[in-house]
Amino acid sequence: MSRRDDGPGPTGGLERMLAIGRLQAVPPSITQGRRLLTQAETHLASARSLAVADPEGAYALAYDAARKGLVGLLEANGLRPTLKGGHMVVHDATLSLLDEAHEATIRPFDRLRRRRHEVEYPSRDQPRLSSEDVEEDARRVEAILDLVDRLIG
């Protein structure tokens, strides 16, 4: 794992995100990273169990699992998103933190974020979410959490 301070995304690299207040530096904590990863794994299991009865709620939990997992990785590396950074900075900071070999696993998070927003604030003509939609993206979240687990160590 290596930092790419000129990282991708509209917020720029880690140094820029820190300078403009989208991220804050905190003491690195493997313990906090693991705590958030454990919560994320529980959210993902809950999402899968609710997928048929409540696909919209399940999707929100699956997304939250991905977000918490990535925040855990950031915390383990001494970084924390701020309110100013929001959920978008989680994606951008993670991509900037990791080397290019991990991009394919992390990139779906942004689409998950946008989809979760559509689920939370649906338009009148938006098709309903299905349990299959939840499971398809739950597999992506699982890949994200597996990567976080390996990287935190």
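Both backbone and side-chain heavy atoms feed into the values below; hydrogens, waters and symmetry mates do not. Every value quoted in this text rests on a predicted model; they were computed, and no experiment measured them.
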* **Stepwise side-chain contact (heavy atoms from CB on, under 4.5 Å) test for Glu142 and Arg48** => CA-CA 11 Å; Glu142 186 173 30; Arg48 284 181 156 149; 3.3 Å; yes
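- For Gln32, the side-chain contact (heavy atoms from CB on, under 4.5 Å) partners two or more places apart in sequence, or in a different chain, are Ser29, Arg35, Leu36, Glu75.
- In this structure, CZ in Arg116 is found 6.5 Å from OH in Tyr121, a value given to the nearest 0.5 Å.
- Smallest separation of non-hydrogen atoms from Val90 and Arg67: CG1-O, 4.2 Å.
- Taking the six-membered ring for Trp, Tyr63 and His43 have ring centres at least 6.0 Å apart.
- Leu44 and Ala138 get closest at one heavy-atom pair: CD1-CB, 3.8 Å.
- Residues Gly69 and Leu145 share a closest heavy-atom pair of CA-CD2, 3.7 Å.
- In the hydrophobic clustering, Leu61 connects to Leu50, either directly or through intervening members, whenever side-chain heavy atoms lie under 4.5 Å apart.
- Using a 4.0 Å cut-off between charged side-chain N and carboxylate O, Arg22 and Asp92 make no salt bridge.
- Taking the charged nitrogens against the carboxylate oxygens, Arg140 and Glu136 do have a contact shorter than 4.0 Å, which makes a salt bridge.
- Under the rule for a side-chain contact (heavy atoms from CB on, under 4.5 Å), the partners of Pro55 that lie at least two apart in sequence or sit in another chain are Leu129, Val134.
- A distance of 4.0 Å separates CD in Gln39 from NZ in Lys68, rounded to the nearest 0.5 Å.
- Taking CG of Leu74 as the start and OG of Ser96 as the end, the distance is 10.0 Å to the nearest 0.5 Å.
- Here Leu95 contributes atom CG and Asp110 contributes atom CG; the two are 9.0 Å apart, rounded to the nearest 0.5 Å.
- Leu70 and Val26 fall into different hydrophobic clusters, where Ile, Leu, Val, Met, Phe, Trp and Tyr side chains are chained together by heavy-atom contacts under 4.5 Å.
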* **Verdict with reasoning, Leu79 to Met17, per side-chain contact (heavy atoms from CB on, under 4.5 Å)** => CA-CA 10 Å; Leu79 299 166; Met17 287 181 248; over 6 Å; no
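- Summarising the geometry of Leu18 relative to Ala25, their closest heavy-atom pair is CD2-N, 3.5 Å, with the distance given to 0.1 Å.
- Every residue two or more places apart in sequence or in another chain that forms a side-chain contact (heavy atoms from CB on, under 4.5 Å) with Leu147 is listed here: Leu98, His102, Thr105, Ile106, Arg150, Leu151.
- Between the side chain of Asp99 and the backbone N or O of Ala101, at least one donor-acceptor pair lies under 3.5 Å.
- If you take NE2 on His91 and CG on Leu112, they are separated by 9.5 Å, rounding to the nearest 0.5 Å.
- Taking CG of Leu73 as the reference point, atom CD1 of Ile144 lies at 11.0 Å (rounded to 0.5 Å).
- In terms of heavy atoms, Gly86 sits closest to Pro81 at O-CB, 4.3 Å.
- For residues 123-132, every residue pair satisfying the salt bridge (Lys or Arg N to Asp or Glu O under 4.0 Å) rule, not counting sequence neighbours, is listed here: Glu56-Arg128.
- Nearest heavy atoms, Ala60 versus Glu120: CB-OE2, 3.6 Å.
- Under the rule for a side-chain contact (heavy atoms from CB on, under 4.5 Å), Ser49 has no partner lying at least two apart in sequence or in another chain.
- Looking only at atom types and distance, the side chain of Tyr59 has a donor-acceptor partner in the side chain of Asp137 under 3.5 Å away.
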